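One structure below.
All values derive from a computational prediction rather than experimental measurement. All ligand and atom numbering here is 1-based and tracks the order in the structure.
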Amino acid sequence: MALVSGMFLAGCRKEAPPEPEEPPGGTTSSSRDPHLALGNPSGALPVLAAPDNYLLERSQYALAYDNSRGTARWVGWHLSMAWKGDAPRCNCYSTDLGLPSSFFRAGSSDYTNSGFDRGHLCPSEDRDASDADNEATFRMSNVMPQAPRLNQVTWLALENYARELITQGNELYIVAGGYGSGGVGSTLSTTLTIAGGGITVPSRYWKVLVVLPEGDDDLQRVATDARLIAVDMPNTQTVDDLPWHAYRTSVDAIEASTGLDLLSLVPPAVQDLIEAQVDNGPTE
Ligand code: MN
Ligand code: MN
């Protein structure tokens, strides 16, 4: 009898409306957006006739491959909570068979005993919503030779800060790469190339992060008040003498050093203003 009357009461009780369900890996406002929504920094195209500016687009990131250097020129990716999840780090470095077979295609062992880490551009931890997303970051086209202290300390600290920003209601557009030649890895001597000359070791690594509150129509929202964080770091074992934020610079300076046009789809008048500034916002 008690059961019956309990069911009767439950049936009559006015219930609260159900909470909206959150999609896996993100909040209701978090989405996965096109990596190159703010522009293709080198006008890269997926054509064999442009081996040093070859566009490779995956669902997880986009990059321009430079066959002469044996690495990417730049890698670009969107970062929001929609890319985050519980997939384990796969550590499954592999030759990128998505590059044309006529290109130099690095193998994981090309870095063995080189004095340099296999440094991710798009980080493993930015892509852990699924095993497939994580595996994509281990293709060697998304990897470049980084001095261990850069990879494991200073570069990592900025990667961690970027992921902190997305837990605070932001979404980010990130582009990163290296330029120059001659890094100083754990052998402590300047190294111009590894892999028998196939891979150029950059002397500098740069990254640009555009920080937007979570929302829609991202390109339209990159206005003169947008937060841009640009850094340019030496590829050396003493890079961690300074914290990541000591390496902040302007996007203009990176464009001058690399020959790229970052944020090329943003109206030129807005680019002129925001690319000249050096971020002085929070750093953790
Ligand atoms: Mn790394
Ligand atoms: Mn620009």
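- Not a single N/O/S atom of Ser264, whether from backbone or side chain, sits less than 2.8 Å from the Mn ion (ligand 2).
- For the Mn ion (ligand 2), the set of nearby N, O or S atoms under 2.8 Å includes one belonging to Glu275.
- A perpendicular orientation is assigned to the rings of Phe103 and Tyr54, their planes being inclined by more than 60° (bins at 30° and 60°).
- The atom of Glu255 nearest to the Mn ion (ligand 2) is OE2, with the search restricted to N, O or S atoms.
- When distances from the Mn ion (ligand 2) to the N, O or S atoms of Asp261 are compared, OD1 comes out shortest.
- Between Tyr205 and Trp155, the ring planes lie perpendicular to each other; the angle is over 60°, past the 30° to 60° tilted range.
- Ring orientation note: the planes of His120 and Phe138 are nearly perpendicular, at an angle over 60° on the 30°/60° scale.
- Comment: Arg32 engages Asp133 in a salt bridge, judged by a side-chain N to carboxylate O separation of less than 4.0 angstrom.
- Here Phe116 and Tyr111 keep their ring centres 6.0 angstrom or further from each other.
- Residue Leu262 counts as close to the Mn ion (ligand 2), with an N, O or S atom under 2.8 Å.
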